[in-house]
Asker: 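Take this structure first; my questions come after.
Quantities reported herein were computed from a predicted structural model and do not represent experimental measurements.
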Amino acid sequence: MTDLSPASAPRPLHLGAPFKAALVQMRTGKSIAANVEAASALIRAAAGEGATYIQTPEMTGTMEENRETLFAGLHPEETDTALAAFRALAAELKVHLHIGSLAIRASEHRAANRSFLIGPDGAIAARYDKIHMFDVDLPNGDVYRESAAYRPGELAVVADLPEIRLGFTICYDLRFPALFRALAEAGAGMIAAPAAFTQITGEAHWHVLLRARAIETGCFVLASAQGGTHENGRKTFGHSLIIDPWGTVLAEAGAEPGYIIAEIDPAKVAAVRARIPSLQHGRRFELVTPTETGRLHVVAAEDAAGDVSGDAA
């Protein structure tokens, strides 16, 4: 049998003084230059209000869904104009600038949906490639095949800000709680979830999923969003959110481009985890299949057909 002793304890928290964090909400179009200009204006405004960590949404650089057109404008990190502009801006403003994601050429036939944390010196402090690809057919007829152009990442990433350890996710990663728990167990006290949630999925799941991830991990969760009807016709939900480790919404945007700011007090992470230490209470377990025990929740077809006396569930 699998060892059922308690799982290893989470890594010690890296917690500093309170700081201001800002989320930039965008309505990214197809022009990289125009998108960089729009994002930069909002980043400057947020820095002007004292934010030292500023996050932008997924697909900050371009919202281009035509594969041929996308690849015609793709560049590797070394020559990507948007990344260069944001590195210069972070150095000018002396902030940690977290670009939610850019489309970066990873190979001849694949891009990476890559997040960048840029330090106050303009250097890239960390990068993360989105792990989970959004390949879905929505009820309204919209079809998304992210894997047609992008290759999935394989590494979970944490990085230290001066005040707190940051975990990285992007958009569809939000639906995979094991990733968030792994980041928290690696010492993250704040998890980023920059996104471009569709209107239909955002209305149904955005708030509840983000609050759940914060509650489950005892982390601040910060999610910059795309919002509104884009140049390519895509509709995104907006409602960028800053959520504390208890699941309380500290700041929320609407559907329009702009930014929101909230104070992040890292001490709240330790306080919440002391009240509900679920990260410490995780235990290893083995999944016993129905064939070994008879059944768990599955009722065999022949039993269901032969027994009509039970109550319907």
Asker: Could you tell me whether the side chain of R273 reaches within less than 4.5 Å of the side chain of C219, counting heavy atoms only?
Answerer: yes
Asker: In terms of side-chain heavy atoms, does N35 have a donor or acceptor partner in T28 at a distance below 3.5 Å?
Answerer: no
Asker: Tell me if the aromatic rings of F176 and Y172 count as close, with their centers under 6.0 Å from one another.
Answerer: yes
Asker: Which residues satisfy the side-chain contact (heavy atoms from CB on, under 4.5 Å) test with A253, sequence neighbours excluded?
Answerer: Q25, S240, I260
Asker: Taking the six-membered ring for Trp and the single ring otherwise, decide whether the centroids of H96 and Y53 are under 6.0 Å apart.
Answerer: no
Asker: Would you call E231 and R27 a salt bridge, taking side-chain N to carboxylate O under 4.0 Å as the test?
Answerer: no
Asker: Going by distance alone, is a donor N or O of one side chain under 3.5 Å from an acceptor N or O of the other, for H205 and R175?
Answerer: yes
Asker: Does any part of the side chain of N232, heavy atoms only, come nearer than 4.5 Å to the side chain of M63, both counted from C-beta?
Answerer: yes
Asker: May I ask you to decide whether R87 forms a salt bridge with D121, counting only side-chain N to carboxylate O separations under 4.0 Å?
Answerer: no
Asker: Flag the pair K130 / E58 as yes when at least one side-chain heavy-atom distance between them is below 4.5 Å, and no otherwise.
Answerer: yes
Asker: Which pairs, with at least one residue in residues 251-282 and sequence neighbours excluded, count as a ring-ring contact (aromatic ring centres under 6.0 Å, His included)?
Answerer: none
Asker: Measuring only between side-chain heavy atoms, which start at C-beta, is M190 closer than 4.5 Å to V221?
Answerer: no
Asker: Given the side-chain rings of H98 and F168, with only the six-membered ring counted for Trp, is the space between their centroids under 6.0 Å?
Answerer: yes
Asker: Is it the case that the side chains of D173 and Y128 hold a donor-acceptor pair, with the cut-off being a distance below 3.5 Å and no angle test?
Answerer: yes
